[in-house]
Each structure stands twice: as C-alpha cells, then as structure tokens.
2 protein chains.
Amino acid sequence: MSPRGQERNEKMRAIAKTKITKAALEVFAEYGYHGTTIKQIVQSSGVSKGLVYHYFPSKERIFFHLIELALEVSKKAWIKSLDTPGTAWQKIEKLSQILFKTAFTDENSLYFVVMLQAITQGKSIPGLFEYIMMHGAHYGLLPPLIHKAQKSGEARQGDPDVLSSTYLAVFQGYTLLLLHDKDLHTKITPETFTDVLRNRGRNK
Amino acid sequence: MSPRGQERNEKMRAIAKTKITKAALEVFAEYGYHGTTIKQIVQSSGVSKGLVYHYFPSKERIFFHLIELALEVSKKAWIKSLDTPGTAWQKIEKLSQILFKTAFTDENSLYFVVMLQAITQGKSIPGLFEYIMMHGAHYGLLPPLIHKAQKSGEARQGDPDVLSSTYLAVFQGYTLLLLHDKDLHTKITPETFTDVLRNRGRNK
DNA sequence: GTCTATACACTGATAGAC
DNA sequence: GTCTATCAGTGTATAGAC
C-alpha cells in the first residue's frame, strides 16, 4: 500500500526538515525575524520554496520551532547543571561552565542568538512572549539556589532575585557582545559569570 | 521673497522633524528596524508620508539619525561622569549613577533600546556597524579607569578589558531585561553595576 | 497506477519611495 | 496618493519509489 518504504520515507522527511531548520537558524540569527525572508532560507538551505511550505505552514511557525528548540537547549543546560551532585554553590559553578560552553563555543550557540532576536523583536510576533514565559520557567530555579549558597557563605549577600537577574544580564549581555567580537570567548571563562555571585568579602 | 518669516519657518521645520524623530524612536525601539514600517511612523507621528520623505531620504536614514542621537546621549553620559572631579573609582560610581538614570528612568531610555536593536539587526543595515564603532569610541575610556582604581585597591583584580566588557554586559543585559519587565528599575540601583567592578576582598 | 517529496510560476497584499 | 518591487503564501505539476 505504501508506495515507498515507510522507513526510508521518514528518513527523507527528517533530512529535509533538518536542512530547512539549520538554514533558518543561521539566517534568523543574523537578520532577525522581520529581516529574514523565506527566499533567504530557501537559498541558504538549497531546497525549494514549495518544500519549505510543505514542512512548515508559515514563516512564523518556522521561527516558533527554532525558539522551541532554543528553549530545549537552554533548559537541558540548566537541568544538567542542577542535577550535578554537590552543594548549591557547586551547582552554580557547573551552570556557568555549561552555559559558557553551550552558548559560546558550541554548535548550539546560534540558538542563544535567536533567543536574543526573539526578546528584542518578540512584540511584533503574537504569542511569542507568552510562549517564552511559559517554557522558560527553568530560569526561576536560580534564586533559591543563590539563597542556599548565601547561607553557606559562598554566594554574596543581596536579594537573590536581583542577583539572579544580574547573572542572567551578564550572560545575555555577553551573548550580545559576542555578535560583533567573534573571539570574545577566548578572553572570558565560566568564572566571569560565577564571579558575579561569589562572596569575595571577609565574612566567609 | 520669503512668504513666511524665516524664523517661523525654521521653527516649523524643527517641530515637524522632532515629531517624526520622536515617533520613529518609539516605533523602532518596539519593533526593530525591519519590523517597523514607514506607515507606522507616519501614523504614530501624525504627519503625512510625504512630509516624512521631505525630511528624511529613506527609512534607513531615519534609523541612522536615531543611532546618531543615541550615541550622543550615551557619549554625553560617559563624558559627564569622567569629568567629575575625584578619584577613578568615584568616576566609575558616577558613571553607574548616570547610566542608570539615563537608561532606566529617563525620557532618553528608548535610545538605549534602539541601540540594542542596532546591535542585533545591524548586519542587515550596510555601514551601521562601522558607524557605531567609529562614534562609540567613548567605551574605550573605561579600561584605563579600572586600571587606576585597581591600583588604589577599590576595583577588583583582573584584566581591565574583560572587566570593562563585563560591566557593559551587565548594563546591556539589564536593558534587555527591561524590555519585558517595566518596573525592573525599582528593583536595582546604580550599585548593581558598580558592584561588578568593586573590590570586596580583604586585601584593601 | 498510486502516493509523496519536491519544484516553481503565480497571486494578492503591502512595503518603501517619491 | 501613486508607483513599483518584493514579500509571504499557494496551486499545480512532476519525478520517482513501490
């Protein structure tokens, strides 16, 4: 009944969809949502326009798909760090290491750039902001961790929510700087992030 | 010869151009360069399409004009801080205060958002990045200041260039966070920025 | 012959420009 | 207000596996 082997068929689908997704990631990361045209994705992926619309119903859904993947990559990094055995402070150190590696040196780094694009242009894409808020809940895991590390004296004093925001600000700020300084990652280390939260005072 | 008093004429020009610039600032800050249409600027400013093109040759030049103003606002804040009498550390503290006030509470805060838009979408606007690099030289004033404050023991140890980047990253990162958390500025203070550079260790 | 991945010319809408 | 280019999205045809 099936005209082609179902297995082979699935493989073809996966390959084509991956091609499109990969090309879209590169183009969206560079030009932003509105700055990207379907034509660019078509040319960058090497497939036809018809095929793009065969796999995705609209430009908007392609972007949403990338944001979905980006949130997965981010979430995975966070969960992996927090699953590390050890103290709260060790988990924070692990988080810095994994975020540094994933966002600045990995093949996945473009996902973090696309997230930046979503944050700065999200207002003109209906539902995007709500989507990110819903699926980005893992950011909320940091404040309690900071609170714990404060009690053990390893984290510096201050409102854990503010410190968490500052930590995220440094991370996102560096992702921004990376856009125009491609070897920034050779100048900084995971410690650059961790240091923001570290208790360097005398009351250890 | 002049059908209208020249003075009155100049005034009209200034008013119209200000109207357009102000509206453009708001729309570009919210939707980004590509996400903004001339129609939006026209409707937001209340002037006619023709008038917009009377004062600006293209959408691109409107954006460049805003970036020009944004760099001026930023430069003014930096120069004002560094002209403060006092030690290097006191100048850094002043810089944090002025940046906080200007970027988070001022009417000028939108200029910092537009700069973010320029950074994330600049690759698709020819010449923009070079323009920012040329006119944003005042950022280079921070590392020597940090170096001085390290010698007096007030700034923490570390490569001044990296510390300067981290300072800018925190600042830009918070500008990003502000996009979706309108009363973020009530939770943080200028100290949040200064703290990144402060020597909190025992070897004062 | 049937099914599905793929191609591409086309359309209507809307953008920037003047 | 009008013009023209280009955008997102579609309708239809083809190629090839079974």
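All of these numbers come straight from a predicted model, not from anything done at the bench. Lettering of chains follows the sequences in order, A, B, ..., and the numbering in each one begins at 1.
Within the 4.5 Å cutoff, no side-chain heavy atoms of B/H34 are placed close to those of A/Y31. Looking only at side-chain heavy atoms (C-beta outward), A/L128 and A/Y33 stay at 4.5 Å or farther from each other.
At the heavy-atom level, B/S48 lies nowhere under 4.0 Å from the strands shown.
In this structure, A/S74 contributes its side chain and A/A70 its backbone to no donor-acceptor pair below 3.5 Å.
For the side-chain contact (heavy atoms from CB on, under 4.5 Å) with A/Y53, the qualifying choice from A/I62, A/I38, A/V42 is A/I38, the only one to do so.
A donor-acceptor contact under 3.5 Å is not formed by the side chain of B/K49 with the base of D/dG1.
Neither side chain, A/E191 nor A/T189, offers a donor N or O lying under 3.5 Å from an acceptor on the other.
Rounded to whole Å, atom P of C/dG16 lies 12 Å from atom NE2 of A/H34. Following rounding to the nearest Å, A/I38 (CD1) and D/dA8 (P) show an atom-to-atom distance of 5 Å. Spacing between atom CD of B/Q40 and atom P of C/dA15 amounts to 8 Å, rounded to whole angstrom units. Per the geometry, CD1 belonging to B/I41 stands 11 Å off P belonging to C/dA17, to the nearest Å. When rounded to the nearest whole Å, the span between NZ of A/K39 and C1' of C/dC8 equals 13 Å.
Under the 30°/60° scheme for interplanar angles, the aromatic rings of A/F112 and A/F171 are found to stand perpendicular.
For the contact set between residues 50-65 of chain A and DNA chain C, defined by any heavy atom under 4.0 Å, the members are A/G50, A/L51, A/H54, A/Y55. Sorted by residue number, the list of members of residues 115-122 of chain A with any non-hydrogen atom under 4.0 Å from DNA chain D is empty.
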After noting the C-alpha distance and the side-chain angles of A/Y167 and A/S96, does the key distance pass the side-chain hydrogen bond (donor to acceptor under 3.5 Å, both in side chains) rule? CA-CA 10 Å; A/Y167 184 84; A/S96 297; 2.7 Å; yes
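Across every non-hydrogen atom of A/G32 and A/Q121, the tightest pair is CA-NE2, 3.4 Å.
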